[in-house]
Amino acid sequence: MGPGFLAREMRSDRLLLWAIALPMAFLALSTIYPFVFAVNISLKTSRDFIMSRFAMTWDPSFENYVEAWIYSRISDYFMNSVVVTIGAVFVLLFVSSITGYALSHLRFRFRSTLFVIILAGMMIPIQVIMVPFYQLVIDTGLLNTRIGLILSYTAFFLPFSVYLMTAFYAAIPRELIEAAKIDGASLWQVYLWVMLPMGRPALLTLGILNTLNCWNDVLISLLLLQEERTLMVGIAALRGEYTSDIPLIAAAVVLGAIPVILVYLIFQRRIVSGITVGAVKG
């Protein structure tokens, strides 16, 4: 291979890199631009927005954030979302972790059937069961309660959580569990001392994904919390109450997006790697 061949190979690699980088750059720009646009609008007054809605803001005003946070009750909605999200994620991690341990390493009748039934829950959209689900919430007295919303999130997001934890735990060698049992550990101690420490990567990934799902949800929280809204439902309601005040709505949208963006920026590598966790074969 001569110098000419190597030069052509390097030129081909650079062209391939540019062919991949340019579409990804445009995709990233299309994703970032809406948030930048919302921030720009949120820093304008209503008059400035009417006069020049697309122009950059050179005299920013934070009055919209103050009004959205205090007078539009975004702070109350924010706390509702925090409480519900933390509660639902904790229950999801606990239940899915124990269930994944049982389905992957314990031997009992109908284990495979139970796993298939749980997976089938991933295929049922909420719109199909919305009416009986809402009637069940009313009959159990969970309407307009945070506990009801936490349990609902657990029910709807549990199938995927169980699938991910089962797939991850199935890759853990059974020899470790057998060694713990020989040392006198009970099933509960095996779960606490072996499965939980080794399952931390999957649990962290699952916690991040479920946090994003619960935080961004509108439909389920709109059905259950009709008096004390969550943040995303409160932001959606602002469109009806302040239709003409677009900067105020933009400020509320930015406040709702900031926690999600921070979670993604901090744990982006874990989120990406977690997508492949379910592909591990036991």
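Sequence positions, counted from 1, serve as the residue numbers for this chain.
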If I take atom [atom1] from residue [X] and atom [atom2] from residue [Y], how far apart are they, to the nearest 0.5 angstrom?
{"X": "L176", "Y": "W193", "atom1": "CG", "atom2": "CH2", "result": "15.0 Å"}
{"X": "I150", "Y": "L224", "atom1": "CD1", "atom2": "CG", "result": "11.0 Å"}
{"X": "L164", "Y": "T205", "atom1": "CG", "atom2": "OG1", "result": "7.0 Å"}
{"X": "L223", "Y": "L225", "atom1": "CG", "atom2": "CG", "result": "10.0 Å"}
{"X": "W69", "Y": "L255", "atom1": "CH2", "atom2": "CG", "result": "6.5 Å"}
{"X": "I172", "Y": "Y101", "atom1": "CD1", "atom2": "OH", "result": "10.0 Å"}

Look at the side-chain heavy atoms of Ile, Leu, Val, Met, Phe, Trp and Tyr, link any pair under 4.5 Å apart, and say whether [X] and [Y] land in one connected group.
{"X": "W188", "Y": "M195", "answer": "yes"}
{"X": "M130", "Y": "L136", "answer": "no"}
{"X": "L222", "Y": "V83", "answer": "no"}
{"X": "Y264", "Y": "L29", "answer": "no"}
{"X": "L119", "Y": "L103", "answer": "yes"}

Scan side-chain atoms only and decide if [X] and [Y] contain a donor-acceptor pair under the 3.5 Å cut-off.
{"X": "S42", "Y": "N64", "value": "no"}
{"X": "Y191", "Y": "S186", "value": "no"}
{"X": "Y77", "Y": "S72", "value": "no"}
{"X": "R229", "Y": "N80", "value": "no"}
{"X": "D245", "Y": "S46", "value": "yes"}
{"X": "S96", "Y": "S161", "value": "no"}

What heavy-atom pair brings [X] and [Y] nearest, and what distance separates the two atoms?
{"X": "T85", "Y": "S81", "value": "OG1-O, 2.7 Å"}
{"X": "P34", "Y": "S30", "value": "CD-O, 3.0 Å"}
{"X": "P159", "Y": "M122", "value": "CB-CG, 3.4 Å"}
{"X": "G141", "Y": "T145", "value": "O-CG2, 4.2 Å"}
{"X": "V194", "Y": "A180", "value": "CG2-CB, 4.0 Å"}
{"X": "L238", "Y": "A252", "value": "CD1-CB, 3.4 Å"}

Within the structure provided, determine whether [X] and [Y] are in side-chain contact (heavy-atom separation under 4.5 Å).
{"X": "T99", "Y": "V95", "answer": "yes"}
{"X": "V131", "Y": "Q135", "answer": "no"}
{"X": "L206", "Y": "F168", "answer": "no"}

task = Could you tell me which residues satisfy side chain to side chain contact (heavy atoms under 4.5 Å, CB included) with I20, sequence neighbours excluded, listed by chain and number?
result =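 Partners of I20 by the side chain to side chain contact (heavy atoms under 4.5 Å, CB included) criterion, ordered by chain and then number, come out as L16, M24.
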Under the side chain to side chain contact (heavy atoms under 4.5 Å, CB included) test, residues paired with L151 that sit two or more places apart =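 Only L142, I147 meet the side chain to side chain contact (heavy atoms under 4.5 Å, CB included) criterion with L151.
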Determine whether more than 12 heavy atoms belonging to other residues, nucleotides or ligands lie under 6.0 Å from atom [atom1] of [X].
{"X": "D139", "atom1": "CG", "answer": "yes"}
{"X": "Q189", "atom1": "CD", "answer": "yes"}
{"X": "F35", "atom1": "CZ", "answer": "yes"}
{"X": "F108", "atom1": "CZ", "answer": "yes"}

Under 3.5 Å donor-acceptor, K44 side chain and I50 backbone =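 No, because the side chain of K44 does not come within donor-acceptor range (under 3.5 Å) of the backbone of I50.
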task = Could you tell me whether a side-chain N or O of R174 sits under 3.5 Å from a main-chain N or O of H105, the two making a donor and an acceptor?
result =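 Looks like yes, one N/O pair under 3.5 Å.
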query = Parallel, tilted or perpendicular for Y153 and F157, by the 30°/60° rule?
reply =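 The rings of Y153 and F157 lie parallel, inter-plane angle below 30°.
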request  = Assign the ring pair F94 / F90 to parallel, tilted or perpendicular, where the plane angle (0 to 90°) is split at 30° and 60°.
outcome  = parallel
ask   = For the residue pair F78 and W215, is the inter-centroid distance of their aromatic rings smaller than 6.0 Å?
value = yes
request  = Take L196 and L203 through the test side-chain contact (heavy atoms from CB on, under 4.5 Å) and record every step on the way to the result.
outcome  = CA-CA 8 Å; L196 271 185; L203 289 171; 3.7 Å; yes
message = Between the side chains of E228 and R73, is the shortest nitrogen-to-carboxylate-oxygen separation below 4.0 Å, so that they form an ion pair?
response = yes
inquiry  = Apply side-chain contact (heavy atoms from CB on, under 4.5 Å) to residues T57 and D48 and explain how you reach the verdict.
reply    = CA-CA 9 Å; T57 303; D48 292 337; over 6 Å; no
task = Give the C-alpha distance, both sets of side-chain angles, the deciding distance and a yes or no for side-chain contact (heavy atoms from CB on, under 4.5 Å) between T230 and L149.
result = CA-CA 10 Å; T230 56; L149 186 55; 3.8 Å; yes
Result of checking N210, N216, D217 against N213 for side-chain contact (heavy atoms from CB on, under 4.5 Å) = N210
message = Run the side-chain contact (heavy atoms from CB on, under 4.5 Å) test on Y163 and I118 for me, step by step, so that the C-alpha distance in whole Å, both residues' side-chain angles and the decisive distance to 0.1 Å come before the verdict.
response = CA-CA 8 Å; Y163 163 71; I118 293 175; over 6 Å; no
ask   = Taking only residues two or more places apart in sequence, or in another chain, which ones meet R111 in a salt bridge (charged side-chain N to carboxylate O under 4.0 Å, His left out)?
value =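 Salt bridge (charged side-chain N to carboxylate O under 4.0 Å, His left out) list for R111, sorted by chain: empty.
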